[in-house]
There are 2 protein chains.
Amino acid sequence: MTNVDLQKTNAVEPEARAGDARAEAFQGVRAARRNELAEDYVELIAELIHNQGEARPVDIATKMGVTAPTVAKTLDRLARDGLITRAKYRSVFLTEEGRALAKECRHRHEIVLRFLIRLGLDPETAEHDAEGIEHHVSERTLALFAAFANRS
Amino acid sequence: MTNVDLQKTNAVEPEARAGDARAEAFQGVRAARRNELAEDYVELIAELIHNQGEARPVDIATKMGVTAPTVAKTLDRLARDGLITRAKYRSVFLTEEGRALAKECRHRHEIVLRFLIRLGLDPETAEHDAEGIEHHVSERTLALFAAFANRS
DNA sequence: GCCAAAAGTTAGACAAGGCTAACAATCTGC
DNA sequence: GCAGATTGTTAGCCTTGTCTAACTTTTGGC
Ligand SMILES: [Mn+2]
Ligand SMILES: [Mn+2]
Ligand SMILES: [Mn+2]
Ligand SMILES: [Mn+2]
């Protein structure tokens, strides 16, 4: 129906878009939400590999605050999506793509965290909020956050 | 193991907590995520009622960028949760609780948006990012955002 | 080297949130 | 006041992400 309206009233529209700017914003947020878990996982996996030498499901479960079967299923999805490799009963490895994503996420996380602390937030709340906010910050916003965090 | 370690090293722990601060942060983010949709819906419904006199599912679908059946199912959940009331083939009303939540969400949204614009972001990107960030901002952070947005 | 504990997997349940297809009710313009 | 358009509902499918229960594999202390 909205589709039909669009086609009628706007037949030259380059993309068959879903309507107004609001709808686009919500669609963007939904898209971001779909990546949140993968982002948090690869970031954590990279950190575990760095700190402990390997990323074991049990540690992922502890840090994420979920049960082991939840981790197992999630890791299967990450493997399916090409972000990690794994073998039965073994610890987890990042693919090239996973490593790249982890690096990017860590970078974003870092900036958001430093920004919040610079704003005046206590480190604990900052860490908490950064963990959620990081997934919803555009490149532009990130640049502004970085500039603010680094200002003298 | 971390669990066991914790129990060993911290047997007087008041709450049987799930481990470290990290796990708590992730659990908090997951809790926030569970409320996102309800928050966006009640905020939008309040706005539609204010602007058009009523909130019709078709308009909710258009603004949210989802299909009508998705809206129907979501509205059923909101009704179950006491945030709205609805009758078949009629438009949607907020309960007292829904109205309170909508007001709070609108307030938060407003502050986050003004904050981002004040930071130097273009209004369109600001609207986009605010739509995601608003759900992950603690009271403390919101206060800092408000102070920054209102500074002279 | 055995065997118990720890870690990991598998199976299966369940809710949320998205979709399409098909049908039902309401509204509107004549 | 009816027919066609619009709006709304229902049914059913799918994926994600969580859990518990039960099983298997690995590991480590003796
Ligand atoms: Mn995060
Ligand atoms: Mn993070
Ligand atoms: Mn929002
Ligand atoms: Mn909002």
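Chain A is the first sequence line, chain B the second, and so forth, proteins listed ahead of strands; every chain is numbered from 1.
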Ionic contact status for [Y] with [X], cut-off 4.0 Å:
X	Y	value
B:Glu36	A:Arg33	yes
A:Arg90	A:Glu54	no
B:Glu47	A:Arg22	yes
B:Asp76	B:Arg86	yes

- Identify, residue by residue, the members of residues 87-95 of chain B with a heavy atom below 4.0 Å from DNA chain D, and return them in order of residue number, or none. B:Lys88, B:Tyr89
- Between residues 75-83 of chain A and DNA chain D, which residues have a heavy-atom gap below 4.0 Å? A:Arg77, A:Arg80
Could you state the [atom1]-[atom2] distance from [X] to [N], rounded to the nearest angstrom?
X	N	atom1	atom2	value
A:Phe26	C:dG18	CZ	P	11 Å
B:Arg30	D:dT18	CZ	P	5 Å
A:Ile84	C:dG8	CD1	P	13 Å
A:Lys63	C:dA7	NZ	P	14 Å
A:Leu37	D:dT15	CG	P	17 Å
B:Asn35	C:dG17	CG	C1'	15 Å
B:Met64	C:dG18	CE	P	7 Å
B:Asp59	D:dG8	CG	P	8 Å

- Query: Do A:Asn150 and A:Arg118 have a side chain donor and acceptor closer than 3.5 Å?
  - Reply: no
Closer than 4.0 Å, any side-chain N/O of [X] to the OP1 or OP2 of [N]?
X	N	result
B:Arg86	D:dG8	no
A:Thr70	D:dG17	no
A:Thr67	D:dC19	yes

Rounded to the nearest 0.5 Å, how far does [atom2] of [Y] lie from [atom1] of [X]?
X	Y	atom1	atom2	answer
A:Thr74	A:Leu37	OG1	CG	5.0 Å
A:Leu113	A:Glu127	CG	CD	5.0 Å
B:Glu110	B:Glu134	CD	CD	10.5 Å

- Task: Choose from D:dT9, D:dA21, C:dG12 the nucleotide whose nearest atom is closest to any side-chain atom of A:Pro69.
- Result: D:dA21
- Name the nucleic acid region contacted by B:Arg33, choosing base, sugar-phosphate or nothing; use a 4.0 angstrom heavy-atom cut-off, strictly under. nothing
- Query: When the ring centroid of A:Phe26 is compared with that of B:Tyr41, is the distance short of 6.0 Å?
  - Reply: no
